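Here is the structure we will look at, set down as structure tokens.
Within every chain, numbering begins at 1; the chains are lettered A, B, ... in the order of the sequence lines, protein sequences first and strands thereafter. Here the structure is a predicted model, which is why all the values come from computation and not from measurement.
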2 protein chains.
Amino acid sequence: MNTNLRFAISIHALTLLATSSDPLTSEAIATSVDTNPVVVRRAMASLREHGLVESKPGAHGGWRLLRAPSQIGLCEVYRSLGSEDVLAMHSHPNQHCRVGAHIKGALTGIFATAQAGMENALGKYTIADVLTDVLARGEK
Amino acid sequence: MNTNLRFAISIHALTLLATSSDPLTSEAIATSVDTNPVVVRRAMASLREHGLVESKPGAHGGWRLLRAPSQIGLCEVYRSLGSEDVLAMHSHPNQHCRVGAHIKGALTGIFATAQAGMENALGKYTIADVLTDVLARGEK
DNA sequence: ATATTTGTAACTATAATAGTTACAAATGAA
DNA sequence: TTCATTTGTAACTATTATAGTTACAAATAT
């Protein structure tokens with residue numbers, strides 16, 4: 001199983017924040033996501049670094065959006081997390097083989113194209129889209 | 001680091017096979033890739049199940065392509081390996097929360113779109129393209 | 001017959017990530 | 001000013017996917 005859940009958790013958290021005018025605590029978000037508050041803080045810290053949310057410590061603190069949900073694209077969320085690219089290469093192909101010596105150069109461009117294909121697809125959606133979909137599902 | 005190297009290893013192996021009229025052993029492929037022959041066999045077994053290569057045990061055995069390199073698309077190679085999708089969801093969002101209860105439904109479609117974006121991009125390339133690129137790099 | 005090679009099970013090693021615990025620092029309210 | 005709340009973060013453990021390794025049976029060519 002692919003186990004990098006930070007992206008899914010981040011979308012979940014941002015969607016939850018989009019439903020609330022008051023700040024939400026890491027604890028409240030964690031309860032909705034079903035994880036530990038520290039896991040939430042770690043993901044949200046990356047989003048904060050990229051200007052998507054802000055946090056306030058202390059009583060009545062928590063997290064809130066810094067932009068309208070319609071202005072938060074999923075590609076930007078994805079990139080904010082700084083994950084590795086989804087396709088990886090083997091490290092030390094044999095340099096004395098004519099394929100081994102140049103396979104990494106050839107794969108680099110292809111893998112970048114694949115990564116861009118995925119990110120472009122994500123960029124078609126915003127947190128507002130997710131929220132609309134979630135709420136529509138709740139009405140059925 | 002993303003550590004699923006099977007795809008990169010498979011492309012490497014198929015490109016190597018495209019340079020050879022004789023079958024290549026798992027050992028020979030492993031030497032070019034810089035890994036263990038069993039790792040090569042495991043990746044190649046998936047490709048064999050999907051009709052891309054065949055194997056022959058015993059003396060002068062090994063692996064060979066069952067199609068022209070120009071007829072082996074990278075999306076098909078990717079799919080033959082049966083990897084998990086690149087984006088994963090958290091398992092148990094809180095069903096008593098209106099976001100938690102429906103987030104998985106909303107994310108499923110988005111993640112599928114992202115996966116398709118990546119696979120479409122891969123589908124633009126074949127093993128022949130990779131071989132051409134590798135050989136061109138070798139001439140410089 | 002013999003050497004070669006795949007097929008595969010069983011195991012260990014590595015590494016990324018989630019999850020947990022603990023506590024300092026910041027904040028707001030009584 | 002004191003106290004409860006909450007983030008920030010370090011340090012650690014647990015889990016899991018995958019690579020890598022070892023061993024050996026079965027198949028094959030000469």
Would you name the heavy atoms of [X] and [Y] that are closest together and state the gap between them?
X	Y	result
A:Leu74	A:Phe7	O-CE1, 3.6 Å
A:His90	B:Ala8	ND1-CB, 3.6 Å
B:Thr19	B:Leu16	OG1-O, 2.5 Å
A:Pro37	A:Ala30	N-CB, 3.7 Å

Taking [atom1] from [X] and [atom2] from [N], how many angstroms apart are they, rounded to a whole number?
X	N	atom1	atom2	value
B:Ile29	C:dT5	CD1	P	12 Å
B:Glu54	C:dT6	CD	C1'	13 Å
A:Glu84	C:dT17	CD	P	7 Å
B:His60	C:dT6	NE2	C1'	15 Å
B:Arg64	C:dT5	CZ	P	17 Å
A:Ile9	C:dG19	CD1	C1'	10 Å
B:Glu27	C:dT6	CD	P	9 Å
A:Arg41	C:dG19	CZ	P	14 Å

Where the side chain of [X] is concerned, which of [options] is the nearest nucleotide?
X	options	answer
B:Ala59	C:dT6, D:dA29, C:dA26	D:dA29
A:Val38	C:dG7, C:dA9, D:dA10	D:dA10
B:Thr25	C:dA26, C:dA9, C:dT6	C:dT6
A:Arg48	C:dT6, D:dG8, D:dT7	D:dG8
B:Arg42	D:dT7, D:dT21, D:dT28	D:dT21
B:Asn36	D:dA19, C:dA18, D:dT22	D:dT22

Side-chain N or O of [X] less than 4.0 angstrom from OP1 or OP2 on [N]?
X	N	value
B:Arg6	D:dT18	yes
A:Thr35	C:dG19	yes
B:Ser55	C:dG7	yes
A:Lys56	D:dT5	no

Select from A:Gly58 and A:Val39 the residue whose nearest nucleotide in DNA chain C is closer to the 5' end of that strand.
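On the 5' side of the pair lies A:Val39.
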
Quick one: on DNA chain C, does A:Pro57 or A:Phe7 contact a more 5' nucleotide (nearest heavy atom)?
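The answer here is A:Phe7.
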
Candidate list B:Arg67, B:His50, B:Gln71, test side chain to side chain donor-acceptor pair (under 3.5 Å), partner B:Glu76, passing option:
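Going through B:Arg67, B:His50, B:Gln71 one by one, the side chain to side chain donor-acceptor pair (under 3.5 Å) with B:Glu76 is satisfied by B:Arg67 alone.
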
